[in-house]
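Working notes, beginning with the structure itself.
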Amino acid sequence: MGVSVRGRVHRNRARGDVTNRKIAQVLAEIGDILEIKGESAFRVAAYRNAARSLEVLPEGARERYRAGGVKALRQIPGVGASIAAKIEELLTTGRLAYYEQIKKTIPAVTLDLTRIPGVGPKTAQKLSDTLGVKSIADLERAIDTPLAARHFRPRTRERIKTGIGLLRGLSGRVILPVAEPIARELVEALRGCPGVLKVDPVGSLRRMRETVGDIDIVCATENARRAIECFASHPSVREVLAKGDAKATVVHADGVQVDLEIVPREEYGSLLQHFTGSKQHNVALRTWGVEHGFSISEHGIKRGGRLVRFDDEREVYRFLGMEWIPPELREDQGEIEAALRHALPRLIEERDIAGDLHGHSTWSDGREAIEAVVRAAIERGYAYIAVTDHSRGLGVAHGLDAARVAERHAEVEAVRRKYGAKIRLLEGVEVDIRADGRLDLPDAVLERMDVVIASIHSAFGQTREQLTRRLVGAIENLHVDILGHPSGRLLGERDEYGVEWDEVFRAAARHGTALEINAFPNRLDLKDTLAREARRRGARLVIDTDFHEARHLDLMRYGVAVARRAWLGKDDVVNAQPWRELAAWLRERGRGARR
DNA sequence: GCCGTTTTCGGCCCGACTGTTTTCAGTCG
């Protein structure tokens, strides 16, 4: 899929804002430092757990603290008295004395060295102590010296060198459209390999996380050696890092690491469960297991000393008295409790989607004419499709002014005459929310549209209050139906901007304005945790591809994946409703949905 | 450092692989 990055890159300026992410980074780094210092693994884990909690916390720690003080901070899972006090200090002073002090107790390079695969805290510290290296580049030179030979055995030195090369060659986390074809190619190669019974991609790819670090594949086969060979000798493999009887690790030509695990057929269910993760989900599941007399591992479940094995993953959860948990929910965010109560949501599926309400044609920065998009939408079986070209403020996108909106109308009408029996074509715009909060087209134009999306495309560097004001202002405008890509992030390029989400969600709920889950794979905006929170606050959501050419309609499934990870069902999503209901929603919003 | 339908103390998920380990530590998932 030709997913290119659109729009200019606006890096977030450091605003000295203590965000959840910033707090999480500090806590995680404290955990790393404690580990290097040889502190109790449980203490280390405590900081990491808390960091993880902050990362997935939907609302800002700042708002939480403002509303309920330290007590509210302690409600966050994994945050107790000590960490709550540290978060408070960070929020109120922007600094943390403990962190600054502890950071001085180890050489700065040590943390960096642990990024090398195969090098953990112990090795990193020894490298830094004995060789006195200041950087990874330094280490690369020093590892072949006699000094290094005195302290490290040949095999260890080789391992470190391999690790450095690996770190260089790896591409870091990649978005789903990069990871999926790689996985598909290797899975298909394995399916064609003699003796292979079952193959599945697992890990974050199966959970449909927005980015993937490495690709994990599990395989059941009658001939492990052969399967390993099929995998490791595949033409797309750049380098084989490890190759044993039961597993292999390779680097794909695109720089993504791929792990294959060969597993016995009769344990396939447990292995699938184990390698799908997430780690947090498995830890939570096993902790629950211990409390209830089960010892859960990737080989099966022990109860009273007897091991029960599972060839089907559904049986693993059933044995524990739980509903099967869809992979997208396995993030330790309440899914285990819900599965025990048999109260998991019925998640939205791609086939529930009845139309796409955000996309562009050649009238702005799209690459295809309205008709091409409409035909693709008909092929997908959609009941409706909107074309929402940019407004004039977006000069780079050749946005529409009032006159060109009128010109476009003639083309819309022509396409309707041709395809009106098969699909509803909605005439819309994506109107820019300008820096001063005003919309970029006059109300007189907006009120003639079937659907209006309002989005921010500039002045990302404003304060939290200004940005919140802009979003809430757009929501309150009677002509706006949808708030487009609300958080403004671009994966790997630009962080989401800081906004009082609570206010935005409440305003959206109050006015019936839908918040978008933009399915474009480098946006996925709103992200899962925010979308879940939005619904909890009573807001409705819409999943749009933001297409710029007809084939982009296929990106819908990435948006659906975000919605599933946000625990959304069909009823929570406006474009999962049939035309009559969508039209009623648009009418409710004070607009004649005329077609 | 966190946490509590047995616990405010004493637990904290489970296992594989690798190296130079002759009984285990380090790293990873």
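Just so we're on the same page: letters track the sequence lines, and every chain starts at 1.
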query: A:Arg153 near the nucleic acid: base, sugar-phosphate alone, or nothing, with a heavy-atom cut-off under 4.0 Å?
result: sugar-phosphate

- prompt: So which nucleotide from B:dC17, B:dC14, B:dG1 ends up closest to the side chain of A:Ala246?
  reply: B:dC17

- request: Would you check if A:Gln280 and A:Arg330 make a side-chain contact, meaning some heavy-atom pair closer than 4.5 Å?
  value: no

task: Considering only NZ, NE, NH1 and NH2 on the basic side and carboxylate oxygens on the acidic side, decide whether A:Arg52 and A:Asp332 come within less than 4.0 Å.
output: no

Any A:Arg155 side-chain N or O less than 4.0 Å from OP1/OP2 of B:dG19: yes

query: Can you check the A:Gln280 CD to B:dG29 C1' distance for me, whole Å?
result: 12 Å

- request: Write down the distance separating the C1' atoms in B:dC12 and B:dT18, rounded off to the nearest Å.
  value: 26 Å

query: Should A:Arg537 and A:Glu503 count as side-chain neighbours, where that means a heavy-atom distance under 4.5 Å?
result: no

query: Using 4.0 Å as the upper bound for N to carboxylate O, is an ion pair formed by A:Glu140 and A:Arg168?
result: yes

Along DNA chain B (nearest heavy atom to each residue), the more 5'-positioned of A:Glu261 and A:Gly78: A:Gly78

message: Just the rounded figure in Å: distance from P of B:dG1 to CD1 of A:Ile33.
response: 14 Å

message: If you only use heavy atoms from C-beta on, which nucleotide in B:dT20, B:dT27, B:dC12 is closest to the side chain of A:Thr123?
response: B:dT27

message: Just the rounded figure in Å: distance from C1' of B:dC28 to CG of A:Asp216.
response: 11 Å

message: Which is more 5' along DNA chain B, the nucleotide nearest A:Val79 or the one nearest A:Thr114? Just name the residue.
response: A:Val79

query: Over how many whole Å does the gap from A:Ile296 atom CD1 to B:dC12 atom C1' extend?
result: 15 Å

- prompt: Checking all strands, does A:Lys122 fall into the base, sugar-phosphate, or nothing category for heavy-atom contacts under 4.0 angstrom?
  reply: sugar-phosphate

- request: May I ask you to say what A:Val283 touches in the nucleic acid, namely base, sugar-phosphate or nothing, with a heavy-atom cut-off under 4.0 Å?
  value: base

message: For a quick check of understanding: with a heavy-atom distance under 4.0 Å over all strands, which category does A:Val119 fall into, base, sugar-phosphate or nothing?
response: sugar-phosphate

message: If the cut-off is 4.0 Å, is A:His281 near the phosphate of B:dC13, judged by side-chain N/O to OP1 or OP2?
response: no

task: Please work out if A:Ala50 contacts a base, only the sugar-phosphate, or nothing of the nucleic acid, heavy-atom cut-off 4.0 Å.
output: nothing

message: Output the rounded distance in Å from CD (A:Glu291) to C1' (B:dG11).
response: 11 Å

query: Among A:Glu350, A:Glu328, A:Glu335, A:Glu331, which one satisfies salt bridge (Lys or Arg N to Asp or Glu O under 4.0 Å) with A:Arg564?
result: A:Glu328

A:Glu59/A:Arg64 ion pair, N-O < 4.0 Å: yes

message: Using the C1' atom as the point on both nucleotides, what is the distance between B:dC13 and B:dC3, in whole Å?
response: 16 Å

message: Suppose you measure atom C1' in B:dT7 against the same atom in B:dC2; what distance do you get, rounded to whole Å?
response: 14 Å

- prompt: Expressed in whole Å, how much space separates the C1' atoms belonging to B:dT6 and B:dG11?
  reply: 13 Å

message: Please report the distance, rounded to the nearest Å, between CD1 in A:Ile301 and C1' in B:dC14.
response: 13 Å

message: With a cut-off of less than 4.0 Å, is there a side-chain N or O of A:Ser297 near OP1 or OP2 of B:dC13?
response: no

- prompt: Between B:dG19 and A:Thr156, is there an OP1 or OP2 to side-chain N/O distance shorter than 4.0 Å?
  reply: no

query: Looking at A:Arg506 and A:Glu500, does any basic side-chain N land under 4.0 Å from a carboxylate oxygen?
result: no

- line: From CZ of A:Arg159 across to P of B:dT27 the rounded distance in Å is 7 Å

Whole-Å gap separating P (B:dG1) and OH (A:Tyr99): 17 Å

- prompt: Across all strands shown, which nucleotide pairs with B:dT8 by Watson-Crick or G-U wobble geometry, both distances under 3.5 Å?
  reply: none

message: Using the side-chain heavy atoms of A:Lys279, tell me which of these nucleotides is nearest: B:dC13, B:dG1, B:dG15.
response: B:dC13

message: The side chain of A:His274 is closest to which nucleotide in this list: B:dT27, B:dG29, B:dG1?
response: B:dG29

query: How far does the C1' atom of B:dT20 sit from the matching atom of B:dG26, given to the nearest Å?
result: 13 Å

